[in-house]
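What follows is a short report on a single structure.
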Number of protein chains: 2
Amino acid sequence: MSTPEPLLILTTDDLLAERWQALAPTVIRAREIEALDTWRKARHRLVVVDLGTHPAGAPPMWTEPAWRHNAAGLAILAASSRPEDDEGLAVLNAGASGYCHSHAPLDTLRQALEVIDSGELWVGRALLSRLLRLVDTRLPRAGLADWAAPLTEREREVAHHAAVGESNLAIADALGITERTVKAHLKAVFEKLQVADRLQLALRVHGVR
Amino acid sequence: MSTPEPLLILTTDDLLAERWQALAPTVIRAREIEALDTWRKARHRLVVVDLGTHPAGAPPMWTEPAWRHNAAGLAILAASSRPEDDEGLAVLNAGASGYCHSHAPLDTLRQALEVIDSGELWVGRALLSRLLRLVDTRLPRAGLADWAAPLTEREREVAHHAAVGESNLAIADALGITERTVKAHLKAVFEKLQVADRLQLALRVHGVR
DNA sequence: ACGCACCTTGTCCTTGTGGACAATAGCGGC
DNA sequence: GCCGCTATTGTCCACAAGGACAAGGTGCGT
């Protein structure tokens with residue numbers, strides 16, 4: 001059930017550290033942000049960070065420059081003992097892969113770790129459903145179909161995958177077709193959108209000019 | 001790895017149905033929305049619904065009255081072959097517990113099922129990160145200083161040129177150096193920013209994820 | 001003087017990409 | 001039935017990209 005990946009626990013709270021020991025077969029405990037950098041250099045990626053124990057008066061650790069720098073490339077599950085929605089949004093936007101309650105059931109935490117270890121994001125249902133409600137009322141409903149207008153359904157799919165950086169082979173696997181077919185679709189996409197390559201396509205799709 | 005829970009597959013697509021057979025030890029196949037009601041009455045809750053095969057012209061199934069009625073109490077993973085963000089939001093707001101791509105890797109689908117089976121919500125990282133960006137109003141994207149922080153002056157220049165789609169040779173000419181040197185700078189950039197190639201670099205530079 | 005960070009360039013090699021020829025098959029409209 | 005659009009896949013090829021070895025030069029602080 002648990003991931004075989006080693007886990008770094010970043011907290012100054014001894015009780016939390018003890019509780020989280022059960023989260024993975026190999027668990028390392030640290031107290032300083034710098035440990036993130038060491039962790040990444042050791043070619044690990046899985047981290048649980050306790051947001052609750054920053055010294056009174058000091059700014060939240062994830063707003064410090066060292067945070068974003070050290071967080072790059074890691075899969076970080078941020079845990080707070082007072083899960084305020086805004087804090088969750090802030091820390092996710094600061095590069096964390098997940099946000100949950102410090103005292104959530106261990107099974108839930110394990111699941112969250114598995115999810116972020118596989119490259120996805122984890123947001124608990126409370127914050128997530130609030131997000132959904134928020135966005136539903138403020139969506140511009142606008143030009144998603146703009147760049148996609150002249151494209152066929154299949155071309156749209158391929159273009160979308162290519163625009164987020166996937167290789168032709170990855171796209172082929174994702175869509176259950178051959179790499180050659182992906183090329184054929186992309187060729188059509190490039191021509192219809194008047195772009196030279198996938199990078200220009202990505203810029204177009206993401207609204208950069 | 002798979003949940004022991006029985007799984008209902010709702011699709012008219014034979015290929016998808018066959019592919020999804022591996023998702024759970026017990027899998028039932030259905031083609032009609034009414035199957036949801038039967039499923040709940042049998043005291044099951046786990047469902048994968050293919051959104052991609054509604055008959056042309058007909059409204060999406062999750063907007064039908066029968067949907068919301070039958071979906072109550074079930075944990076539904078909606079899968080679409082054309083993952084448009086708006087569709088995802090719509091179906092989640094209509095009562096689904098998850099939204100993903102029809103041809104996502106089976107491991108990802110299994111994970112999504114486990115998550116929604118445990119009462120949480122599942123949203124793929126593409127849609128989720130877009131949600132986060134949409135909602136995030138206060139942090140003004142921080143622009144240049146952010147991604148460029150760990151880079152040297154020269155690396156910044158090269159990165160900027162590469163991020164707008166210029167080839168290595170074009171960058172070399174623009175900066176009056178050799179193509180080889182451009183490669184050297186880009187190699188450093190990729191490493192410092194933890195990205196694999198220039199497309200990922202472009203997305204980072206332009207504030208997409 | 002020494003270390004260190006930065007800028008610069010070299011060659012070899014593997015891989016991904018995109019274009020240039022193709023072909024087959026389904027499906028809807030005329 | 002024929003035509004056109006779409007989806008699919010094939011081979012061959014030229015080239016850009018990025019990694020893996022390198023190494024020589026500058027300026028700066030200790």
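First the proteins, then the strands, lettered A, B, ... as listed; each starts at 1.
For the side chain to side chain donor-acceptor pair (under 3.5 Å) test with Glu157(A), the passing option among Arg154(A), His160(A), His161(A) is Arg154(A); the others fail.
With rounding to whole Å, Glu157(B) atom CD is found 15 Å from dC6(C) atom P. In this structure, Ile171(A) atom CD1 and dT8(D) atom C1' are separated by 16 Å, rounded to whole Å. Rounded to an integer number of Å, the gap from Glu191(B) CD to dG19(D) P is 9 Å. If you measure from atom CD of Glu153(B) to atom C1' of dT26(D), you get 17 Å, rounded to the nearest angstrom. Distance Ile177(B) CD1 to dT9(C) P: 6 Å, rounded to the nearest Å. The distance from atom CD of Glu155(B) to atom C1' of dT8(C) is 13 Å, rounded to the nearest whole Å. What separates CG of Leu151(B) from C1' of dC6(C) is a distance of 13 Å, to the nearest Å. As a whole-Å value, the separation of His185(B) NE2 from dG10(C) P is 13 Å.
Across all strands, Ala184(A) comes closer than 4.0 Å to base atoms (heavy-atom distances).
Without hydrogens or angle criteria, Arg198(A) side chain to Ala162(A) main chain gives no donor-acceptor distance under 3.5 Å. Between the Asp197(A) side chain and the Gln200(A) main chain, a donor and an acceptor come within less than 3.5 Å of each other.
Between its two ends, the helix from dA1(C)-dT30(D) to dC30(C)-dG1(D) turns its axis by 30°, counting five pairs per end and rounding to 10 degrees.
Residue Leu128(B) comes nearest to Val123(B) through the heavy atom pair N-CG1, 3.7 Å, listed as atom of the first residue, atom of the second, then distance. Closest of all the heavy-atom pairs between Leu77(A) and Ala112(A) is CD2-CB, 4.0 Å. Scanning all heavy atoms of the two residues, the minimum distance from Ser80(B) to Tyr99(B) falls at CB-OH, 3.6 Å.
The environment of Gln194(B) atom CD is dense: over 12 non-hydrogen atoms of other residues, nucleotides or ligands sit within 6.0 angstrom.
For dT6(D), the OP1/OP2 oxygens have no side-chain nitrogen or oxygen of Thr152(A) closer than 4.0 Å. Residue Thr178(B) has a polar side-chain atom (N or O) positioned under 4.0 Å from OP1 or OP2 of dT9(C).
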_Heavy-atom protein contacts under 4.0 Å, nucleotides 13-30 of chain C, coded B base, S sugar-phosphate only, - none_ = ----BBSBB---------
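The residues Glu5(B) and Arg45(B) are annotated as not salt-bridged, no charged nitrogen and carboxylate oxygen being separated by less than 4.0 angstrom.
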*Could you walk me through whether His44(A) and Leu8(A) pass side chain to side chain contact (heavy atoms under 4.5 Å, CB included), step by step?*
CA-CA 9 Å; His44(A) 301 310; Leu8(A) 174 67; over 6 Å; no
